[in-house]
Protein chains: 2
Amino acid sequence: MNFDLTSFLPYLLNQAAEAASLDFQREYKARYGMLRTEWRVLFHLGRYGDMSARDIVERAMIHKTKVSRAVAALEGRRFLTRKSVEEDRRREVLSLTPAGREAFSELTALAEKHDVALMQGVSAEDAAVVRRVLRGIAGL
Amino acid sequence: MNFDLTSFLPYLLNQAAEAASLDFQREYKARYGMLRTEWRVLFHLGRYGDMSARDIVERAMIHKTKVSRAVAALEGRRFLTRKSVEEDRRREVLSLTPAGREAFSELTALAEKHDVALMQGVSAEDAAVVRRVLRGIAGL
DNA sequence: TGATAATAGTTGAAAATGTAACTAACAAGG
DNA sequence: CCTTGTTAGTTACATTTTCAACTATTATCA
């Protein structure tokens with residue numbers, strides 16, 4: 001029997017994902033008391049502009065209850081505001097406040113540095129292969 | 001600003017890991033009411049033979065409280081038994097029962113199939129690159 | 001129109017996880 | 001031996017996540 005755990009892809013992916021997130025997570029947790037979902041919501045708004053919770057759910061593939069709670073937390077920290085939409089009063093458009101935008105750009109800079117560090121020692125070609133395959137698996 | 005979320009490696013890894021685990025997770029959850037840590041503990045014992053909880057903690061890099069609870073759950077389902085070690089009565093050697101071994105081989109077969117499916121459409125060379133890079137990131 | 005279904009988002013309870021403190025057994029140095 | 005430290009494993013508690021039910025609003029179509 002030759003089936004090794006370290007070649008089982010779901011396992012490998014999980015371990016790698018955990019290892020890769022650890023340092024960065026520590027950072028946004030310590031500096032902003034932020035949870036992963038909160039950072040992701042912040043990122044989506046910062047990077048792709050104002051949108052509703054539903055849009056974030058779809059784009060980020062995060063469950064709506066998680067998004068709902070993340071939005072509430074970010075609102076509490078004054079990182080974003082809501083504005084209910086005229087045409088459809090079920091929806092609310094979310095926008096980052098100046099403080100939210102600042103946190104976003106600080107964290108983005110950190111993320112970029114982090115990303116480079118992770119791929120140091122990996123050739124550009126290999127890195128490209130990895131990203132392409134992962135995108136495929138993730139369905140992106 | 002050109003920093004895209006889908007090229008940020010921790011994010012990509014997490015999404016891919018989640019997507020990759022989903023189907024398989026559904027399987028062991030539905031068929032055995034098993035949690036991920038439980039499946040991993042089962043796998044370690046089935047693949048690498050009897051060992052103590054501490055050994056699993058080290059090899060699988062799972063926190064000891066998770067292992068402790070997984071062992072208790074697997075014991076409750078009669079998938080493993082404990083036997084305290086003569087020379088060091090703090091330790092207990094864990095062994096799979098026949099039922100545990102059967103679950104192990106069924107799940108392993110499933111895992112193999114699953115692994116192949118994930119990498120279908122990816123060339124053997126690319127798959128090798130991915131596994132190598134992921135092992136590096138995961139620190140394996 | 002008006003009944004039924006669908007959608008955006010929230011909430012509460014249950015399950016799972018993480019963290020820290022704990023028990024019990026061994027180790028080592030005086 | 002006996003104090004102090006270390007290790008294996010468990011337990012308690014706080015935080016997060018998940019799941020299902022819920023409100024409010026809009027869409028569908030007979």
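Just so we're clear, the structure is a prediction, and the values are computed from it rather than from any experiment.
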Out of D/dT10, D/dT26, C/dG9, which has the shortest distance to the side chain of B/Thr65?
-> D/dT10
How would you label the contact of B/Arg82 with the nucleic acid (heavy atoms, under 4.0 Å): base, sugar-phosphate, or nothing?
-> sugar-phosphate
Check the pair B/Arg101, B/Phe79 against side-chain contact (heavy atoms from CB on, under 4.5 Å), reporting the backbone distance first and the verdict last.
-> CA-CA 8 Å; B/Arg101 267 192 296 280; B/Phe79 280 173; over 6 Å; no
Pairing of B/Glu38 and B/Arg77 as salt bridge, 4.0 angstrom limit | yes
Contact class for B/His63 vs. all strands (heavy atom < 4.0 Å): base, sugar-phosphate, or nothing?
-> base
Any donor-acceptor pair under 3.5 Å joining the side chain of A/Arg89 to the base of D/dT25?
-> no
Does any residue of residues 66-78 of chain A have a heavy atom under 4.0 Å from DNA chain D, and if so, which ones, in number order?
-> A/Lys66, A/Arg69
Looking at B/Arg82 and B/Glu75, does any basic side-chain N land under 4.0 Å from a carboxylate oxygen?
-> yes
Upstream residue (5' side of DNA chain C) when B/Leu35 and A/Glu58 are each assigned their closest nucleotide = A/Glu58
Verify side-chain contact (heavy atoms from CB on, under 4.5 Å) between A/Met34 and A/Leu42, making sure each step is shown before the conclusion.
-> CA-CA 10 Å; A/Met34 211 178 271; A/Leu42 183 83; 4.1 Å; yes
Atom CZ of A/Arg90 to atom C1' of C/dG9: distance rounded to whole Å?
-> 10 Å
Side chain of A/Lys64 - closest among C/dT10, D/dT25, C/dG18 = C/dT10
Give a yes or no on whether the ring-centroid distance for A/Phe24 and A/Trp39 is below 6.0 angstrom.
-> yes
Can you list the residues that meet the side-chain contact (heavy atoms from CB on, under 4.5 Å) rule with B/Val57, with sequence neighbours excluded?
-> B/Lys64, B/Val67
Is the shortest side-chain N to carboxylate O distance from A/Lys83 to A/Asp50 below 4.0 Å?
-> no
Identify, between A/Arg36 and A/Asp88, the residue whose nearest nucleotide on DNA chain D lies closer to the 5' end.
-> A/Arg36
Count the heavy atoms of every other residue, nucleotide or ligand shown that sit under 6.0 Å from CD of B/Glu106, and state whether that count exceeds 12.
-> yes
Considering only heavy atoms, which members of residues 10-25 of chain A lie under 4.0 Å from some atom of DNA chain D?
-> none
